[in-house]
Amino acid sequence: MLQPTDGGYTNGYHQAGGGGGNRVRRGSRGRSRVRRGGGGGSDGSGARASQWQQQHEDEEEREKPATPCTDFDTAYFHSYAHVGIHEEMIKDRVRTDSYRNAIFQHQNFIAGKVVVDVGCGTGILSIFCAQAGARRVYAVDASDIAVQANEIVKANNLSDKVIVLHGRVEDVEIDEEVDVIVSEWMGYMLLYESMLGSVITARDRWLKPGGLVLPSHATVLYMAPVTHPDRYSESVDFWHNIYGIDNSVGVPFFVVSAIIPLAKQCAFEEPSVETITVENVLTWPQVWSYDLILIFVSAPFHGFAFWFDVEFTGPTVLPLNNDMPPSFIEPSNSYMTEGNHRKKRPNPNEALVLSTAPEDPPTHWQQTLVYFYEPLDVEQDQVIEGSLTLSQSKENARFMNIHLEYSSGGRSFVKESVMR
């Protein structure tokens, strides 16, 4: 059921307007007010409830104030009201099947328990949890898609189990601890859209010690040098020959010195989300900050590709404060080398893994590429050194700054871009 606006509940946020259109992939996540239980009695249970309520209210007073909802946030949430975004995500069978399989693999942790779905979208993951036997599911989303999610819940006769809360996780209230948090929070390059903070907020506010978070772990970010001559050719080399129109001295009709820099800026200034293959990858991937990369083949070096994995494993005790890094985000290198080839390490826990790597079935995340304005020619066994820094944009916290330094063959370069 969608919580009503009267009786101490809220059914959403007031739209602040403004905030220009952002390129967005998928949905945001939200907070509304729920009161369960309570009441009094002469048998002492009412006193115990009152004592718990007073303690809970004291704890709430000590909570940090919620981060204000900015105009950028409002525009972000509004974009997720469009059904097309949710269609794209649900049609991604790798993504949706991975979550469904993970939920039913962990059915013994979910059955009879309380679940929060952070950023529920259409409510599909909440329904999976209800089908797995959850006693109650709080489906939270700040987008107006929550209205449709509530209708979907009712159509599936699950209103007694699934409570749709229309609001931000930072604003809604759930007056009980939860056993499980499920969320599809990952953005391009894993961290784009900054939705992870909402999952951490939900964890710190409601998750019982030792509770389950799905997904439980994420490989922070894989990166690998790539060659992609076709992409460079279609964006840049195209301008060298426009319908064969040359002047008498052989200079192309479009003056190259004028148009080519603009073409490169247009094509490569911002990160590009696209699908590549293993043939584009020049060597095995590194994890986030890299020091040395050894090239396997001689080829033009056009930029770096990024992708991620997430893992669904059993519950672990998580730190309950925002000052510690979330333990479900871990650097790890699941790749090893064998001769001049790369392959994934065997998974010792046989955990379910959702991968966005180029050698795995494609997902709607695809891979994120940061192209150079000028390709570098690299030789087999040549070493590339450098570092990568990702940070939230001051312009809009849901944007991501990318600072890439790299050097090879005695030359050093810096590439800065913003993922908008």
Hey, is CZ on Arg93 packed in by over 12 heavy atoms from elsewhere, all under 6.0 Å?
->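 Counting other residues, nucleotides and ligands, CZ of Arg93 stays at 12 neighbours or fewer.
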Verify the neighbour count for atom NE2 of His403: are there more than 12 heavy atoms of other residues, nucleotides or ligands below 6.0 Å?
->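 Enclosed.
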Can any side-chain N or O of Thr283 pair as donor or acceptor with the backbone N or O of Leu294 at less than 3.5 Å?
->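 A pair under 3.5 Å: yes.
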Flag for [Y]-[X]: side-chain donor and acceptor within less than 3.5 Å:
X      : Y      : answer
Thr96  : Arg100 : no
Ser216 : Thr313 : yes
Asp73  : Thr70  : yes
Glu176 : Tyr138 : yes

Would a line drawn from the ring center of Phe268 to the ring center of Tyr373 be shorter than 6.0 Å?
->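 They do not qualify: ring centres at least 6.0 Å apart.
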Check: Phe306 ring centroid to Tyr188 ring centroid under 6.0 Å | no
Asp117 and Ser183 have their tightest heavy-atom pair at OD1-CA, 4.5 Å
Tell me which donor-acceptor pairs under 3.5 Å the side chains of residues 295-302 have, and how far apart each pair is, sequence neighbours excluded?
| from | atom 1 | to | atom 2 | distance (Å) |
| --- | --- | --- | --- | --- |
| Ser298 | OG | Glu379 | OE1 | 2.9 |
| Ser298 | OG | Gln380 | N | 3.0 |
| His302 | ND1 | His228 | N | 2.8 |

Check against side-chain contact (heavy atoms from CB on, under 4.5 Å), Ser126 and Val115 = CA-CA 8 Å; Ser126 297; Val115 178; over 6 Å; no
